[in-house]
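Just below is one structure, and these are the notes that go with it.
Just so you know, these numbers come straight off a predicted model, no measurement behind them. For ligands, and for the atoms within them, numbers begin at 1 and follow the listed sequence.
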Amino acid sequence: MRQYWRLDDAGWTLVLAGGEGLAEALYLGPRLPDGEDLAALDALSRRDVTGGMLDENPPLSLCPEARRSFPGQPGMVAYGADGALLAPVWAFERSEEYEEDRLALHYRAERLRLSFHFAVTYAGVLTAETALTSDAPIRLHWLAAPVLPVSGVYDDLIDTNGRWIGEFQLNRKPITPGIIQREARNGRSGHEHPPLAFLAGHGANNNSGQVLGLHYDWSGGHRMVLEELPDGRRQIQFGHTTGSEPVGTEFTTEKLSIAVSQSGLNGAGIAFQRQIRAALPPFRKPRPVHYNCWEAIYFDHDLASLKEIANRAADLGAERFVLDDGWFGKRDDDTSSLGDWDIDHRKWPDGLSPLIDHVQSLGMGFGLWFEPEMINESSDLYRAHPDWVLGPGDQITGRQQLCLDMSKPEVRRYLFDKISAVLSAHDIDYIKWDHNRLLPHPDAAQTRGIYALLDDLRAAFPEVEIESCASGGGRIDAGILTRCNRVWLSDSNDALERLRIQHDAALFLPGVATGSHVGPRVCHTSGRTLPMRLRAWVAAQRHMGFEMDPRELTEDEAATLKEVTAWWKANRDWMAEADILRLDADDPSVIAELQLAENGQRFVVFAGQAATSTQILPRPLRLAGLDPDARYEITLLPETNPLSRGKLALTDGSLTPTGQALMTAGITLPARFPETISIIEGTRL
Ligand code: GLA
């Protein structure tokens, strides 16, 4: 007998249908009316059969089966102890419906059990997980989170790739017959393929059109398969990197988060931002302005200089001082000492306390850099425990370092004890937790090990906040963000590049968790020299900080930075809860966003002029997310525009248009130099 199950949120409906065998997702899309006849929906979706086909269409189930002649990628590939491919005959066992927003379906086969779990989160995101258990050990090659059919309304895949200092680049490509497969095999969620994808309906853009957002909440490697079958059906699968699971009896995928939007990419992006924000571990409020000394001094630690830097940082408005790499072992460069988490008494004869005391006397908290999962061959730890290294002895190192095997309890215990000793002996409220080497092979147990260590440390030191850094943005995902409060989005402090990276990462990343620093005048990763006004405002779009040597600042630069920092402090509370809407600028040289307060009462627009426009005058910038009937008082913050010689109402004072006018006619900004940014504040009247 065929059964139906239905989950709803305000904007969407999921319908599952199944009989004896595995159920399928019959429908995932805009919300269906309450009394929808699900059997009729099922009948409507039944497909014909013609020549050259099997006599029935094999189901595109929640775990498509090769055994049933499914013509595409199967949802599970596993081998028994004898090496034979498992081809279970699944039988429906039971369903569980808890409250209104959770559903589980359970299946059984000889010696195996398979379950699918669905839930609706507070942010309106659907989460889906698959669990597989076996009575005897099996080797799992691939297990997909519940597999979804992809409706024909979606024309394009918007995929993310990236690299060091060039994170979150978007690629939009048409979905065509065959497979688009992406696999992150480096053991982190990764610069290369962050676990994020959007399916875009006809003409969908930031603010309109149907979009399906998918995010796999896992900090290890993942695989995505988007496939259009010869019969025209399409499927999408997400799971851990193939072959990353050891032989075992219990396997679960991570949650696949799914956002269904009728309001373009922003509808999905905001749902993900809200979901991640709600799941962050507790943190200090208001968010303190950071100072990080990495690009100021690198490994050259000297108490007198650091005190002077701290004085200046505090004067600029910093509230937390983070001592980066170089304080431990004999770490004079990046060739040694990872693993030896003891203070370097050559550099710090009286320990870290003199600096911490000084920093605290200036009203700042203190944070410290660690890279716990790593080891240098040149370290006491390596000499004592070469067996703790993950992977083969002849592997290629990365940044002269190797990974520790985090699945080993003794490794986690060692790291816990070392880090605890430093945290217990000092008043430290923040860890910058780095991860700079790619794994030698994909390994899910490594990710579980790091999750376990983070969980243990957080339980022991609940007051200590943790930032996830992996050569910048190499480990940014919803999984790590249930254990860390902040991510270091990129090692690029180039404000122009950061403007773009922040914009694209806002497809899922909330502003409050996204670190953004004002870097040195001549950017260390691009060689560009950008004006302080741009550098400061780009940092003020997210969790603000400074990372230059403040001794290099001119008086003008310091004054500008102080002013923007003061603005940020005055606005950080509501911005910490704001939605970020990416604006559809008609001018490709403009990168603009609107941050909207949770209560809708205020907003701020950051409109970056990243390059010179092709046309002579700015095109109107249409806003988004406002109440069309409300009036808003809008004010352009003062800016100098040598290119502007007309008279614009906005440069003379505030205006009070309706939300409708702002969203359809838009705002016309003055003619601006490239590498500038305009800030428009809005208040609902
Ligand atoms: C990585 C990080 C940087 C810095 C250095 C220290 O590259 O991304 O921010 O902490 O390590 O070695």
Side-chain angles (χ1 to χ4, degrees), residues 162-168 186 188-192 194 219 290-301 306 309 313 320-341 344 347 366-376 378-379 397-403 419 422 428 430-439 450 465-477 480 484-495 497-498 501-502 505 513-520 523-526 539 542-549:
R163 59 169 167 84
W164 178 66
I165 63 169
E167 286 82 350
F168 294 100
N186 291 329
R188 313 187 293 204
S189 36
H191 283 106
E192 301 77 13
S219 312
H290 277 205
Y291 176 77
N292 180 301
C293 64
W294 176 240
E295 294 202 355
I297 55 151
Y298 293 105
F299 296 100
D300 193 7
H301 290 201
L306 283 163
I309 288 174
R320 176 181 274 151
F321 185 99
V322 182
L323 182 65
D324 211 278
D325 195 355
W327 56 269
F328 53 91
K330 295 194 176 58
R331 182 91 166 157
D332 295 332
D333 54 32
D334 61 12
T335 61
S336 88
S337 301
L338 292 174
D340 298 346
W341 300 107
D344 180 351
K347 294 182 191 172
F366 186 80
L368 195 59
W369 184 93
F370 286 91
E371 195 178 1
E373 299 145 88
M374 300 292 155
I375 182 167
N376 285 116
S378 170
S379 68
T397 52
R399 207 192 187 198
Q400 290 82 235
Q401 64 200 53
L402 299 165
C403 302
I419 297 169
V422 178
I428 293 175
Y430 194 80
I431 292 177
K432 177 176 173 185
W433 185 295
D434 214 333
H435 184 291
N436 286 305
R437 192 209 189 282
L438 308 173
L439 264 54
I450 166 64
E465 296 178 17
I466 304 179
E467 170 176 55
S468 169
C469 171
S471 305
R475 187 159 62 188
I476 300 183
D477 56 82
I480 207 76
C484 296
N485 312 86
R486 188 191 206 235
V487 291
W488 182 229
L489 180 61
S490 177
D491 275 352
S492 173
N493 286 322
D494 176 308
E497 287 173 12
R498 199 83 181 195
I501 300 170
Q502 288 178 175
T514 309
S516 194
H517 295 174
V518 178
C523 175
H524 291 189
T525 52
S526 69
R542 300 291 184 266
H543 181 188
M544 188 173 193
F546 321 139
E547 194 160 335
M548 88 303 279
D549 186 336

Using heavy atoms and a threshold below 4.0 Å, how should the contact between D434 and ligand 1 be classified: side chain, backbone, both, or neither?
side chain

Hey, would you say the W369 and Y430 ring centroids sit under 6.0 Å apart?
no

State the atoms of ligand 1, each with its element, that fall below the 4.0 Å cut-off from a heavy-atom position in C469.
2 (C), 8 (O)

Do H191 and R163 have a side chain donor and acceptor closer than 3.5 Å?
no

Can you tell which part of N436 has a heavy atom less than 4.0 Å from ligand 1: side chain, backbone, both or neither?
side chain

Considering the heavy atoms of D325, write down every atom of ligand 1 situated less than 4.0 Å from one of them.
6 (C), 12 (O)

Taking the six-membered ring for Trp, are F370 and W433 closer than 6.0 Å centroid to centroid?
no

Using heavy atoms and a threshold below 4.0 Å, how should the contact between E547 and ligand 1 be classified: side chain, backbone, both, or neither?
neither

Any heavy atom of E371 closer to ligand 1 than 4.0 angstrom?
no

Judging by distance only, is a nitrogen or oxygen of W369 under 3.5 angstrom from one on ligand 1?
yes

When you check the gap from the basic side-chain N to the acidic O, do K432 and E465 get nearer than 4.0 Å?
no

Among all protein non-hydrogen atoms, which one is nearest to atom 10 (O) of ligand 1, and what is the separation to 0.1 Å?
D324 OD1, 2.7 Å

Quick one: nearest non-hydrogen protein atom to atom 3 (C) of ligand 1, plus distance?
D491 OD1, 3.6 Å

Using the ring of W488 (Phe, Tyr or Trp, six-membered ring only), decide whether R498 places NZ or CZ under 6.0 Å from its centre and within 45 degrees of its axis.
yes

Mind checking whether G472 has an N or O less than 3.5 Å away from an N or O of ligand 1?
yes

In ligand 1, which numbered atoms sit nearer than 4.0 Å to a non-hydrogen atom of S471?
8 (O)

Tell me whether K347 is salt-bridged to D332, with the criterion being a basic N under 4.0 Å from an acidic carboxylate O.
yes

I need the atoms of ligand 1 closer than 4.0 Å to a non-hydrogen atom of K432, numbered in the order shown.
3 (C), 4 (C), 9 (O), 10 (O)

In ligand 1, which numbered atoms sit nearer than 4.0 Å to a non-hydrogen atom of W488?
9 (O)

Show the numbers, then the answer: is there a side chain to side chain donor-acceptor pair (under 3.5 Å) between E497 and S490?
CA-CA 10 Å; E497 287 173 12; S490 177; over 6 Å; no

Determine, using ring centers only, whether W294 and F299 are less than 6.0 Å apart.
yes

Of D325, D344, D340, which meets side chain to side chain contact (heavy atoms under 4.5 Å, CB included) against R331?
D325

